[in-house]
Amino acid sequence: MNILNILKKYFLISFFLLFLTILGAISYLNLINSDNTKTFDTSKLSLFAKDSILKEKHNYLENSFNENFAGKLFFVEKYGALQKLFDKKLVDDSLAERRVYKGNKDMLYYIIPQKNINEKAVKNIAYVKTELEKSQIPTAFIMPPNKHSINSENFPYGVLDYATTNSDELYQTLMENGVTTLNLNSDYFKEQMDDTRYFYMTDTHWKNETAFWAYQKTLEFLKNTLSYDYYNKNNSNLLTNYSVQKTENTYIGSMGKRVGKDYIVKKDDYELILPAFETNYSYKKYDENFALLGEKMGNFEKVFVNKEILESKDIYIDKYTTMMGYGSPYEIITNENIDNNSKIAIIKDSFAMPFSAYLSTNIAQIHLLDTRYENIRKNLLSTIKTLKPDYVLFICSPSSVYYFPDMFEFGAK
């Protein structure tokens, strides 16, 4: 062992001893000083700000310790800097599924550590489809691509990721259970799409460009597979009919937050894709008890885009939420320029947010239901039967089936 390796070893040990000492002291101070009487007053907030508070309330109990952890960002960043110093490609986390791996071209990935497609969730999705068919309401599943769309053996030896395996088996199992499914993960792979172009480097989400690609593929699926006739007088499915506004080097996403700015190579860019044609909308957001939170009216940019988030100088603010905010439990998008009665209901996770905005250029009314909220889940079937949409689309990342099994608890026996 040379002198450099010895120095590295003892520096690492000394750093962790100091780290744990300070960490313990600050943790104790936060626990005894934490505010257990926190309330969430949304009466004077903007529509998008209410989204953020609602999400905070939804996650408050499990996140209260982390939210009150003084100086946590300092330690995350210094720990990340240390990992970078030693050229670590895999940064461990207390949650196995939140370990961060640095891949080609410095892209960050979460590792799906288990082979598990959640067969109970598939059974529940098939149950919803069967129940809605009794009311002549057809259902389909739109499966977004994984950020890691290659086979796990392409990661270094010892790093096993089951994202692609789970997605492939989820698609197969959905189809075997009679759920018509658009496998965008397969299309992404076949078209040899590059993660560095179509996903954020530091975040789990697809870019708006990828959401637009998925929207185009979904329109083809609606027409060719489901025989659904949609409005398209503006040729809104063509990217040439949109303007693109790029903000460079602007934010660090959820994966980057777990390793800090000193670990990553560069911050992510953000591109807004806005219609160049005339648009006119009503966009309503509701809480999980179907109480109205607020309404925005106007063109595409006015109702869907939060410029305050995009223009924020805070590199850790979630710029992905520039389009449609965090998403509320229940939302209604009405395209006032479409004079037919077309209506689609979407059961969604966060991947549906920019996607739904683009789809709204072709559909008169879209209802979005987030079944991560218990009351939305409990009332899902009755709500959809009352709405009587032309189609119900699940738009959920395959990882949601793995990470959030509760959102698919629809009551199948």
Q: Give the intermediate values and the outcome of salt bridge (Lys or Arg N to Asp or Glu O under 4.0 Å) for residues Lys217 and Glu191.
A: CA-CA 12 Å; Lys217 290 288 184 180; Glu191 295 180 25; 2.7 Å; yes
Q | Test side chain to side chain contact (heavy atoms under 4.5 Å, CB included) applied to Ile111 and Tyr162, step by step | A | CA-CA 8 Å; Ile111 306 299; Tyr162 291 97; over 6 Å; no
Q) So Ser328 and Asp287, side chain to side chain contact (heavy atoms under 4.5 Å, CB included) or not? Walk me through it. A) CA-CA 6 Å; Ser328 298; Asp287 68 15; over 6 Å; no
(Q) Working note: Met143 + Leu182, criterion side chain to side chain contact (heavy atoms under 4.5 Å, CB included); need CA distance, chi angles, decisive distance, verdict. (A) CA-CA 6 Å; Met143 184 185 296; Leu182 172 60; over 6 Å; no
Q. Going through the distances and angles, do Ser254 and Asp203 end up as a side chain to side chain donor-acceptor pair (under 3.5 Å)?
A. CA-CA 5 Å; Ser254 60; Asp203 197 75; 3.2 Å; yes
(Q) Tyr110 vs Arg258, test: side chain to side chain contact (heavy atoms under 4.5 Å, CB included). Steps then yes/no. (A) CA-CA 11 Å; Tyr110 285 143; Arg258 302 192 87 88; 3.3 Å; yes
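Ion pairing of Glu119 with Lys123 is absent here, as no side-chain N (NZ or NE/NH1/NH2) approaches a carboxylate O to less than 4.0 Å. Ion pairing of Glu409 with Arg372 is absent here, as no side-chain N (NZ or NE/NH1/NH2) approaches a carboxylate O to less than 4.0 Å. Of the charged side-chain nitrogens involved, at least one lies within less than 4.0 Å of a carboxylate oxygen, so that Glu209 and Arg197 count as a salt-bridged pair. Using a cutoff of 4.0 Å between basic side-chain nitrogens and carboxylate oxygens, Lys134 and Glu131 are scored as salt-bridged. Comment: Glu295 does not engage Lys285 in a salt bridge, judged by the lack of any side-chain N to carboxylate O separation of less than 4.0 angstrom. Of the charged side-chain nitrogens involved, none lies within less than 4.0 Å of a carboxylate oxygen, so that Glu311 and Lys319 do not count as a salt-bridged pair.
At a threshold of 4.5 Å between non-hydrogen side-chain atoms, the residues Phe394 and Thr139 count as touching. Using a 4.5 Å heavy-atom cutoff, the side chains of Thr383 and Phe290 are in contact. A heavy-atom distance below 4.5 Å is not found between the side chains of Val392 and His367. No side-chain heavy atom of Tyr358 sits less than 4.5 Å from a side-chain heavy atom of Ser236. Within the 4.5 Å cutoff, the side chain of Leu359 has heavy atoms near those of the Ile366 side chain. Inter-residue side-chain proximity for Ile273 and Leu239 is flagged as met; some heavy-atom pair is nearer than 4.5 Å. Using a 4.5 Å heavy-atom cutoff, the side chains of Lys266 and Asp269 are in contact. Under the 4.5 Å side-chain criterion, counting only non-hydrogen atoms from C-beta, Asn166 is not in contact with Leu170.
Atom NZ of Lys385 sits in a crowded spot, with more than 12 heavy atoms from other residues, nucleotides or ligands closer than 6.0 Å. Few gaps surround CD on Glu176; more than 12 heavy atoms of other groups in view lie less than 6.0 Å from it. No more than 12 heavy atoms of other residues, nucleotides or ligands shown are found within 6.0 angstrom of CG on Asp229. For Lys88, the NZ atom sits in a loose shell: 12 or fewer heavy atoms of surrounding residues, nucleotides or ligands are nearer than 6.0 Å. Heavy atoms of other residues, nucleotides or ligands lying less than 6.0 angstrom from NZ of Lys84 number more than 12. Few gaps surround CG on Asp314; more than 12 heavy atoms of other groups in view lie less than 6.0 Å from it.
Both tests pass for Lys147 against the ring of Tyr109: distance under 6.0 Å to the centre and angle within 45° of the axis. Tyr263 carries Lys102 over the face of its six-membered ring, with the cationic atom under 6.0 Å from the centre and within 45° of the normal.
Going from atom CD1 of Ile363 over to atom CD1 of Ile344 covers 4.0 Å, rounded to the nearest 0.5 Å. Note that the CG atom of Leu368 and the CD1 atom of Ile395 stand 7.5 Å from one another [nearest 0.5 Å]. Summarising the geometry, atom OH belonging to Tyr286 is positioned 11.5 Å from atom CG belonging to Leu369; distances are rounded to the nearest 0.5 Å. We find the CD1-SG distance between Ile142 and Cys396 to be 10.5 Å, quoted to the nearest 0.5 Å. Atom CE of Met353 sits about 11.5 Å away from atom CG of Asn208, to the nearest 0.5 Å. Atoms CG and OH, on Leu226 and Tyr391 in that order, are 4.0 Å from each other to the nearest 0.5 Å.
Side-chain polar atoms of Asn146 and Ser167 form a donor-acceptor pair below 3.5 angstrom. In the model, Thr361 has a side-chain atom that pairs as donor or acceptor with a side-chain atom of Tyr215 under 3.5 Å. Of the N and O atoms on the side chains of Asp187 and Asn183, not one donor lies less than 3.5 Å from an acceptor on the other residue. Between Asp195 and Tyr188, the side chains place a donor N or O and an acceptor N or O closer than 3.5 Å (distance only, hydrogens not considered). With no hydrogens or angles considered, a side-chain donor-acceptor pair links Asp194 and Thr196 at under 3.5 Å. Side chains of Asp268 and Thr202: a donor-acceptor N/O pair is present below 3.5 angstrom, by distance only. Side-chain atoms of Tyr281 and Ser360 form a donor-acceptor pair, as typed in the model, at a separation below 3.5 Å. Side chains of Ser397 and Asp349: a donor-acceptor N/O pair is absent below 3.5 angstrom, by distance only. Using a 3.5 Å distance cut-off with no hydrogens or angles, the side chains of Asn185 and Tyr171 do not pair a donor with an acceptor. In the model, Asn299 has no side-chain atom that pairs as donor or acceptor with a side-chain atom of Thr279 under 3.5 Å. Between the side chains of Asn232 and Asn362, a donor-acceptor pair is found at a separation under 3.5 Å.
The backbone N or O of Val91 sits nowhere less than 3.5 Å from a side-chain atom of Gln83 that would complete a donor-acceptor pair.
Taking the six-membered ring for Trp and the full ring otherwise, Tyr127 and Phe410 have centroids separated by 6.0 Å or more. A ring-centre distance under 6.0 Å is found for His205 and Phe351. The ring of Phe304 has its center closer than 6.0 angstrom to the ring center of Tyr283.
Ring orientation note: the planes of Phe212 and Tyr242 are nearly perpendicular, at an angle over 60° on the 30°/60° scale.
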